[in-house]
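Residues take their numbers from the sequence shown, with the count starting at 1. Every heavy atom of this structure was used, including side-chain atoms; hydrogens, water molecules and symmetry mates were not.
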Amino acid sequence: MKSSFRPILQKITVLLLSVLFVSSLLPARASANFQIPGACQVQADIGPVRTVKTLDYDYSHNTYLSLRDLAMVLQGTDKAFSLEITKNAVSLNPGSHYAPVGGENVPWEDTGNPDLALRRNAFQVSGQTVYYYTMILQMPSGFYDCFMMAADLALILDMGITAPGAGSLVLHTQESFLVSPDVLEEAGYFYGVNSVLVGDATTGDIYYQYHSDTAYPIASTSKLMTCLLTMEALSTGQIDLEDVVTLSLGAQMLAASDDGVIPLEAGQQVTIHELLLGALLPSSNECAFSLAEYIAGSEEAFVGQMNQKALELGLSQAVFFNSHGLPAYTEEPIPSKRQNRMSAQDMFRLVSYLLKVYPQVTDMTSRKTAFLASLETEVRNTNPLLHNLTGVTGLKTGTTNKAGACLVTSLAVNDGVLEHDLIVIVLGTEDSIERGRVSALLARYALGAFQERTSPGPGSTGAEDSGTEKPGAGVSPQTPGNLPTHAEAAVDWILRTARKRR
């Protein structure tokens, strides 16, 4: 028996060794980043055309441009900036003179493919810290260069940008950076997104929407419903912000899982206020779970309240299986994997209601950090736009494999009479990089659309359209005739604005 088994064992051993040997000869770049060096011809206004080095990240035309080369292009214009780049950080100062370090606006000396990581690097822009996904590379001159998306730089400098032809860009320094979702949609920009919606939660106006009537998994943006029910329990006196919650074994198990965010142990005592901050800022699943248990006695009972509230608000496509948005498995022998779902339109209704009735929630969601004294832990807000855009007040991120990367953004604006909450909903991008970029572009569009609608001009009608709308449609100049005329509506608007200011 042993003699017959030995040849078989030897053959298996030889086969395994052969596989290992062949594998060692194959390229080992399957999981590595792959940047393609190139060049782009860039012109500022009617100035000279200059060569700008580029890196295409992983795919052709996913292009990042040299900041040092662009600094030279913009020298002498209103959008000139100085630049300091180290291995891990960038300092960019608009309005300052750039001092060349050598090698600007010349083609790549080495045509090899740099193997760099696309990272969320800290920027200092006029002393303010912002964050952008960029690649920092040490050049042959010994100095570091930073490669970033043209649209990101246009957002920073508020500068127009067009592409008149392949491999060329024109920077319009006398124009503001404008975004047209219709043009982006026509170009297929939203193919990698489940749905988006941009609107004014205060008036109900919808500026733009894409696949917004289809329900998709919403991941941790589910916690906005958990927040709403918590705020309702607070308003009725059922609970108090300073109530102390004794954490359960279920919360401990969730914290210890791969989806845990804040280390928690059964028996620890945490206030309602800290649980809310934990659920909304770092998106702690265990904090949302603990809120659900405390308010309803069990998460199952709380989920029933979530679905009931969805019905009351007319969220026709919303369904909840838990308080936090993680995948939920059924108990059958062959379990089903379910996730909370909602359409972008339903999310807009939910957020509009939340901000109208409990505007104080943005006091929490606008915070970049918070210290949870009971846990002796500092938490950070996962919302990337809080750092990069003025006026952002929240609201919530969310990510699962099925849902993709989601972000619900709120921006506070003022038309001179009333405060408004602009909402940008982005569901199901491929990753957090695209989530932040799509949201930033649409937030910029929302601000422009709001300004056009609230600026007096001929032909203003104040009309509302529930479908896709152009930036100039339905402009509502703020004159006495455009203020709410129904007594209840007028009082509601006045109280809402007073609450926000207080």
Side-chain angles (χ1 to χ4, degrees), residues 33-87 89-119 121 123 125 130 132-178 433 437 441:
N33 298 321
F34 189 76
Q35 280 66 256
I36 307 168
C40 183
Q41 302 304 306
V42 183
Q43 180 182 30
D45 302 320
I46 57 173
V49 177
R50 293 179 180 268
T51 297
V52 172
K53 291 182 284 295
T54 65
L55 288 172
D56 286 0
Y57 182 76
D58 279 347
Y59 300 94
S60 296
H61 310 303
N62 187 29
T63 304
Y64 292 71
L65 290 82
S66 160
L67 272 184
R68 290 197 180 278
D69 290 352
L70 289 171
M72 292 297 294
V73 173
L74 290 168
Q75 283 283 60
T77 73
D78 291 342
K79 301 300 180 181
F81 59 89
S82 63
L83 198 60
E84 293 182 13
I85 306 173
T86 65
K87 185 177 181 180
V90 177
S91 177
L92 188 154
N93 292 291
S96 301
H97 178 77
Y98 174 71
V101 298
E104 290 89 349
N105 304 120
V106 297
W108 289 94
E109 297 179 20
D110 181 3
T111 57
N113 295 313
D115 192 3
L116 297 172
L118 185 64
R119 296 173 49 194
N121 288 304
F123 270 60
V125 178
V130 297
Y132 285 95
Y133 281 93
T134 61
M135 291 174 282
I136 296 180
L137 173 66
Q138 188 169 25
M139 306 302 287
S141 62
F143 290 93
Y144 287 94
D145 199 353
C146 177
F147 291 77
M148 75 183 309
M149 279 274 185
D152 290 340
L153 181 63
L155 277 170
I156 291 175
L157 299 178
D158 189 21
M159 171 180 63
I161 184 169
T162 57
S168 63
L169 291 175
V170 176
L171 309 179
H172 305 279
T173 64
Q174 302 302 308
E175 299 177 8
S176 291
F177 182 65
L178 298 179
I433 300 174
R437 187 165 288 139
L441 290 173

Taking the side chain as everything from C-beta on, heavy atoms only, tell me whether [X] gets closer than 4.5 Å to [Y].
| X | Y | answer |
| --- | --- | --- |
| Val42 | Arg50 | no |
| Thr51 | Asp69 | no |
| Gln35 | Asp58 | yes |
| Val52 | Leu169 | no |
| Met139 | Lys53 | yes |
| Leu55 | Met135 | yes |
| Leu74 | Leu157 | yes |

Tell me if a side-chain donor or acceptor on [X] pairs with a main-chain N or O of [Y] at a distance below 3.5 Å.
| X | Y | answer |
| --- | --- | --- |
| Asn93 | Ser82 | no |
| Lys79 | Gln174 | no |
| Asp56 | His61 | yes |
| Thr54 | Tyr64 | no |
| Asp145 | Arg68 | yes |
| Thr162 | Pro164 | no |
| Glu104 | Gly102 | yes |
| Gln75 | Tyr98 | yes |

More than 12 heavy atoms of other residues, nucleotides or ligands under 6.0 Å from CD of Glu84: yes or no?
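Counting other residues, nucleotides and ligands, CD of Glu84 stays at 12 neighbours or fewer.
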
Distance, nearest 0.5 Å, that separates [atom1] of [X] from [atom2] of [Y]:
| X | Y | atom1 | atom2 | answer |
| --- | --- | --- | --- | --- |
| Met148 | Leu155 | CE | CG | 9.0 Å |
| Tyr133 | Leu118 | OH | CG | 8.0 Å |
| Cys146 | Leu92 | SG | CG | 9.0 Å |

Go through it in stages, so that I can follow the logic: the residues are Ile156 and Tyr132, the test is side chain to side chain contact (heavy atoms under 4.5 Å, CB included), and I'd like the CA-CA distance, side-chain angles, deciding distance and then a yes or no.
CA-CA 10 Å; Ile156 291 175; Tyr132 285 95; 3.5 Å; yes

Name of the residue among Ile85, Asn121, Leu116 meeting side chain to side chain contact (heavy atoms under 4.5 Å, CB included) with Thr134
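For Thr134, the side chain to side chain contact (heavy atoms under 4.5 Å, CB included) test succeeds with only one of Ile85, Asn121, Leu116, which is Asn121.
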
Using a distance-only test with no angle check, is there a side-chain donor-acceptor pair under 3.5 angstrom linking Asp78 and Thr173?
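Their side chains do not contain a donor-acceptor pair, so the 3.5 Å distance test is not met.
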
